[in-house]
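Naming convention: chains lettered A, B, ... in sequence-line order (proteins, then strands); numbering from 1 in each chain.
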Protein chains: 2
Amino acid sequence: MGGSAWPLALRGQESVPGRAPGNAAVDDPRKDRPDGTVHYGPLSEAMGFLLRLAQLKSFAGFFRSFEAEDIRPGELTVLMVLHENPGIRQGMLAKSLSIKRAHMTKMVRQMEDEGLILRRVPEDDKRAMELRLTEAGEARVAVLGPILAEHEAGGAAGLSQTETAELKRLLRKMLNIRNGASG
Amino acid sequence: MGGSAWPLALRGQESVPGRAPGNAAVDDPRKDRPDGTVHYGPLSEAMGFLLRLAQLKSFAGFFRSFEAEDIRPGELTVLMVLHENPGIRQGMLAKSLSIKRAHMTKMVRQMEDEGLILRRVPEDDKRAMELRLTEAGEARVAVLGPILAEHEAGGAAGLSQTETAELKRLLRKMLNIRNGASG
DNA sequence: AAAAAATTGTCTACTGGGAAACAATAATGA
DNA sequence: TCATTATTGTTTCCCAGTAGACAATTTTTT
């Protein structure tokens, strides 16, 4: 029940790279060092690597902000998307959040048990499953929305507000998502 | 043994959001729609959400590039960091990659079994474990390095080279990592 | 020197999440 | 119409990765 994922585990933190204990921040490509600094080499240019670390760091912040509410990132996204797209098909929801259908089944059922969402088979396609929020679900969104907004308003860790905005813009472009917030 | 993670699962793809089947890309905040488009609402401004999707997309590209080599992102990062930092402590490696120590133990042992890395207890601290690549490990790096370089040279999916570079720069700044590649 | 506290790697148990196969239904083609 | 193919949600099995406790060892305090 402890908070968990935006579809990705992580509860507390502990790791988070950032500059290591050592202090000498000089450029020093020497090998065989038992001291504290680490050289990432080509990895510092690898998009996937950077994104992974950034995501982890971002999530740590997320859990800090939502500490009081027992919520996982994945649940939050489902709630938000359902709020914005009532009646959306389960598979469509999964695809839009890049969650596998199999896993979405689990999440969504649990949330149904918790009384947050409603699932029903549409008449025109008996294979499908239409989802929408219950009153309780909407109420949850009403509580979580503002917390998310405040969390985001803070901007990313080591970046200025401008840089944060630019970073988000680039990510959105890369994902082909258009902005749909007041920002 | 099928490729897997940069510390994060994902083998094939299937999901990946991107614009949905529908075509009307117009601004249309209507509710209750059974058509193909999805509104992300505030999520399109949520850093954690964007980072997660971007990472997934990036990983899909990773697996495409490394299809031939049976390698997981996590393994690659360990190989690269070990190549750059021979003799690094196991815990230090874990911290620098934001992988939990417990998990690092598993990874590193498996790689030891595969003959890629060497583990030995240093004399000055019998709790610790020093890691370095074997000849085979170095050979592996020699093969994978160029593939990674080529993969990265391609730039991110929907972005220009300039935008890709800027995105990486911002991520690096956010993570407090300095660039250590020819780029 | 002894005792308390911190570190380091490891173990066990548990969770998030993917792969593949499946049944039910819908769409398509002959 | 009937047979084939595609879609949708689900089930089962498995793996990546975390949490928390642990033993062995430093390190720090007294």
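Which of C:dT10, D:dT18, D:dT10 sits closest to the side chain of A:R101 comes down to D:dT10. With D:dT10, C:dG18, D:dT18 as the candidates, the nucleotide lying closest to the side chain of A:H103 is C:dG18.
A close approach under 4.0 Å does not occur between any side-chain nitrogen or oxygen of B:T105 and OP1 or OP2 of C:dG9. Phosphate contact (OP1/OP2 of D:dT10, side-chain N/O of A:R119, threshold under 4.0 Å): present.
A:Q90 places its CD atom 18 Å from the P atom of D:dT7, with the value rounded to the nearest Å. A:R109 has its CZ atom 13 Å from the C1' atom of D:dT8, to the nearest Å. Summarising the geometry, the separation between CD on B:Q110 and P on C:dT10 is reported as 14 Å, rounded to the nearest angstrom. Nucleotide C:dT15 holds its C1' atom 14 Å from the NZ atom of B:K100, rounded to whole Å. Taking atom CE of B:M107 as the reference point, atom P of D:dC15 lies 16 Å away to the nearest angstrom. For A:R89 and D:dT10, the CZ to P distance is 12 Å, given to the nearest whole Å. The interatomic distance linking B:R127 (CZ) with C:dA5 (C1') rounds to 12 Å, in whole Å. Spacing between atom CE of B:M104 and atom P of C:dT8 amounts to 14 Å, rounded to whole angstrom units.
Classified by interplanar angle (parallel below 30°, tilted 30° to 60°, perpendicular above 60°), the ring pair A:H151/A:F62 is perpendicular.
When the nearest nucleotides of DNA chain C are assigned to A:K106 and A:K126 by heavy-atom distance, the more 5′-ward of the two goes with A:K106.
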Give the intermediate values and the outcome of side-chain contact (heavy atoms from CB on, under 4.5 Å) for residues A:M174 and B:E163. CA-CA 9 Å; A:M174 169 177 169; B:E163 289 171 322; over 6 Å; no

Please assess A:E138 against A:H83 for the test side-chain contact (heavy atoms from CB on, under 4.5 Å), listing each intermediate value before the final yes or no. CA-CA 7 Å; A:E138 290 289 357; A:H83 175 73; 2.7 Å; yes

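Salt bridge present: A:K168 and A:E152 bring a charged side-chain N and a carboxylate O closer than 4.0 Å. Using a 4.0 Å cut-off between a side-chain N of Lys or Arg and a carboxylate O of Asp or Glu, A:E166 and A:R169 qualify as a salt bridge.
Backbone-only engagement by B:A128 is indicated by non-hydrogen atom pairs under 4.0 Å involving sugar-phosphate atoms exclusively.
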